[in-house]
Amino acid sequence: MEYNFKEIEAKWQAYWAANGTFKSEIDSSKPKYYVLDMFPYPSGAGLHVGHPLGYIASDIFSRYKRLCGFNVLHPMGYDAFGLPAEQYAIQTGKHPAKTTEVNIARYRSQLDRIGFSYDWSREVRTCDPSYYKWTQWAFLKMFGCWYDPAQDKARPIEELEQKFATEGYDGITPERWAKADSKERANILMNYRIAYQGETAVNWCAGLGTVLANDEVKDGLSVRGGFPVEQKKMKQWQLRVSAYAGRLLADLEDLDWTDSLKDMQRNWIGRSDGTEMIFKVSNGSEEYDMTIFTTRADTVFGVTFMVLAPESEWVEKLTVAERKDEVEAYLAQARKKTERERIAQTHTVSGVFTGSYATNPLTGEKVPVWVSEYVLAGYGTGAIMAVPAHDSRDYAFAKAFNLPIIPLIEGADVSEQSFDAKEGVMINSGFLNGMQVKDAIEAAKDYVEAHGLGRRKTNYRLRDAIFSRQRYWGEPFPMYFKDGVATPMPFDKLPLQLPEVDKYLPTESGEPPLGRAKDWTYEGYPIEKSTMPGFAGSSAYYLRYMDPHNDEELVGREANGYWRNVDLYIGGTEHATGHLIYSRFWNKFLYDLGYVCEKEPFKKLINQGMIQGRSNFVYRVVGTNTFVSCGLKDQYQTTEIHVDVNIVHNDRLDLDAFRSWMPEYKDADFILEDGEYVCGWAIEKMSKSMFNVVNPDNVCDTYGADTLRLYEMFLGPLEQSKPWDTKGIDGVNRFLKRVWRMFYDRDGFIVTDEEPTAEELRTLHKLIKKVQTDIEAFSYNTAVSAFMIAVNELYEHKCNKKAILEPLIVLLSPFAPHITEELWHSLGHEDTITYASFPKCNEAYLVENKATYAVSFNGKTRFTVELPADMSREDVSDHVLSLDQTAKYVAEGKVVKVIVVPGKIVNIVVK
RNA sequence: GCGCAUGUGGUGAAAUUGGUAGACACGCUACUUUCAGGAGGUAGUGCUUCACGGCGUGUAGGUUCGAGUCCUAUCAUGCGCACCA
């Protein structure tokens, strides 16, 4: 009987679905384990072979955990709001909901073919009103809360109102509060809410017609679409993520994430401990106290000028009349630049003098105040003290504008460049002279605080998240404007459903698409017209899976108490500074209010590598419809064009397929080499636009899902990125066929009840041990190899004994669920292999005659002997013995392992 | 510029964590079988040499009886951050 994967896979997929095999319910008699994949955005291109890599890994782990007796929650859903569906809608007029629906159906059928053990009864879609009801709910909760630094957590805004009214808070006295009318009170409270509306510099992307969050912009271009982004001041909804910066940083410690990912988050949060210091500044007529932030309070004696960010409000106050034109001109050209231009000019120095002077609080010296783009408005106070001797940026500025440079560290040569290192002995620094820099920093901080010149301050780079998008396809804000005051809709009106519009473009007056909706009002008042960004719906989806049909709560107390948080989360690194920060923030917020019981959402996180595509190119001779083969392309002027990898085999182009690929190539001519057209190639991201997408369906058709699963794991370490290459998939397929042949030969079933030999048991139990440790270490590629080795050994000895094969296929079942399920039933089992138990390794089968076990190597002998119980590691470690001595110890039975390097040294190794 | 990874055959990769480098798989070579289909089996396959042998984990040093593994430089590639005071 042949291994008919098509029949087998279809049969068991249908069986699992019909029997609800992977449905999980709360079961307090079993320990829980929550395995989650980052849910996909269902794009129109469908799944490619890269997507399932992480899904297969998590599926293996889920199935493994089930075999180990855990109650496993392994759900799947769709991140279904997003830009591509909307861009498509703008072009075609098709409703994004329809497009999304179609794409989801396609994803689902592709996922189903791979045999995942998802509990589909828990599926969520972020664009589903019954789901986004809870996204809106969370937003309203954030609107209704402020961050109390004293308790270091979010609290209801009513508590703050109470504070204002009774004792006053943050400069708002009870008198002022009492005098304020309702509108003014609303404005004050807005400055404290976790979800708030505020005017800030935002990343405006004209190409997409919307603002973007920091993590949605890269190198001055939008991540989606690659359109230029500029800085613009706008009033936008924002989330006060910055309030959680300290906790987001501190709680990273206990997470089982890779160091590189934690580092990325630390970097993004960007904690820096420094000092806020007050400088007196004067424009000749008026004097002010200006606060600056520095991490090098020790260098105050070297301050030779001050610099303001162009957007700083100090610029206006400190620009003297005669310099006004020059400053205005500078501000104007700075404002015009796009983010991208700014980045490109990072190292060119520009600036302008305001005409004002500041007084150094320690030396009493007057220093000029400048304006320059190199100071950022959004960080610290938007103003700095410049110490050119010990800061490279200040140094470049001082050199460009001929400002003095005063060295403060002994031996530092600042004639060519600044000395930025925090080491050495202080000079020219009054009371700090003679100290080490590290000590001087502390001493300076103490001095500043003691003399009322400022205070210690911790700053974070993490900014609040811009939360509104001027787009259609997202969650509407359940907010309306009552006499201009942003007012939440009541909870029982949720979900606020996305209205229909005639077009998905902004209105003529420049309002977001929701401006087109008919009667977009609540009780006669206008409703907010922006929608929420992509990360809104993906921030708490892991909670919703715990209790997806609950209409009363985001997640019920019982469900949350049982499933708690995600034990294993698998997904790509691209979410390091976006989703993974927002989700942690969202969770902490809900934790503060007592809605969830864990302070972190994802305990262990694994980043699967990306599967890159291998693209192929053809070379068109410029101005013609003639294509020249890769080897001859240098003789012509050519344009490199991506060609569909599916019409290229082994880098040779199928000419007819190419002609019929696209109408414009119908009459293409070719210049061949050796009668063939050879394509160029490159490893690139797998994407539709590069025509290098390999569809998992094709692999399933040719080799089957089990082969696909094993092969993707066999390809290399999970975390590593690698190009998709089908070379080698045959080996994995052969392995499965070999497993099959251990059960069936040409004539039928051949498994016997014979007793296994010691050798066979050894092979089996070695495998059990190896597979278990490899799965737990996510070293799936070596686990697959171990299977191949074991099966080769057994196959060679024609082992078709049930006592060996039965545990073997249980071991294999997480990797190749279909074939093992079929074989499991062929052994007479009624129930699915999912309910089997993971075999236990019996160490007794592994240890064999240890005392006399010898391995020969290059003519010499290596022993392995047992270590007596009374001998410890300390007794033998690092002992180097001669051959004779070793022989003696071996004879006395004191050694566990002896290594003999030919003709040289003998060393004892103890485990 | 700063931070983090990674460098091993023709290819994807292993290496019990400091102890026979290259397991396993692809590819290739030879033989074999035939139910000729991307099938099965056997042997070989790091480089070099007719051979004995020698050389081999990006490069150069170091520690060690012993280094792919540890340390120091250096180069290359990838990723992240990037005027964050």
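Letters go in sequence order (proteins before strands), and every chain restarts at 1. The structure displayed is predicted, hence computed values, not measured ones.
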**Student:** Give me the atom names and distance for the closest heavy-atom approach of Phe714(A) to Ser785(A).
**Tutor:** CE1-OG, 3.5 Å
**Student:** Go ahead and name the base partner of C47(B); Watson-Crick or wobble counts if both distances stay under 3.5 Å, otherwise write none.
**Tutor:** G54(B)
**Student:** Which word best sums up how the rings of His575(A) and His579(A) line up, parallel for under 30°, tilted for 30 to 60°, or perpendicular for over 60°?
**Tutor:** perpendicular
**Student:** For the residue pair Lys769(A) and Glu843(A), establish whether any side-chain heavy-atom pair is separated by less than 4.5 Å.
**Tutor:** yes
**Student:** Does C26(B) have OP1 or OP2 sitting under 4.0 Å from an N or O in the side chain of Arg734(A)?
**Tutor:** yes
**Student:** Give the rounded distance in Å between these two atoms: CD1 of Ile789(A) and C1' of A13(B).
**Tutor:** 12 Å
**Student:** Where the side chain of Asp263(A) is defined as all heavy atoms beyond and including C-beta, which of A25(B), C4(B), A85(B) is the nearest nucleotide?
**Tutor:** C4(B)
**Student:** Please classify the nucleic acid contact of Arg266(A) as base, sugar-phosphate, or nothing, using heavy-atom distances under 4.0 Å.
**Tutor:** nothing
**Student:** Using OP1 and OP2 only, check whether a side-chain N or O of Gln265(A) sits under 4.0 Å from G80(B).
**Tutor:** no
**Student:** Which nucleotide, in any strand shown, forms a Watson-Crick or G-U wobble pair with C26(B), with both distances under 3.5 Å?
**Tutor:** G10(B)
**Student:** Once you apply the 3.5 Å cut-off to both distances, tell me the Watson-Crick or G-U wobble partner of A5(B), or none.
**Tutor:** U77(B)
**Student:** Counting heavy atoms from C-beta on, name the nucleotide in A25(B), C81(B), A85(B) closest to the side chain of Phe293(A).
**Tutor:** A85(B)
**Student:** Is the positively charged end of Arg762(A) above the ring of Tyr845(A), judged by distance under 6.0 angstrom from the centroid and angle within 45° of the axis?
**Tutor:** no
**Student:** When you check the phosphate oxygens OP1 and OP2 of G41(B), does a side-chain N or O of Arg738(A) lie under 4.0 Å from one of them?
**Tutor:** yes
**Student:** Can you figure out which of A39(B), A14(B), C24(B) approaches the side chain of Asn792(A) most closely?
**Tutor:** C24(B)
**Student:** Side-chain N or O of Ser260(A) versus OP1/OP2 of G3(B): is the shortest distance under 4.0 Å?
**Tutor:** no
**Student:** Select one nucleotide: of A85(B), C81(B), A13(B), the one nearest the side-chain heavy atoms of Asp391(A).
**Tutor:** A85(B)
**Student:** Of the nucleotides A85(B), A13(B), G3(B), which one has an atom closest to the side chain of Asn781(A)?
**Tutor:** A13(B)
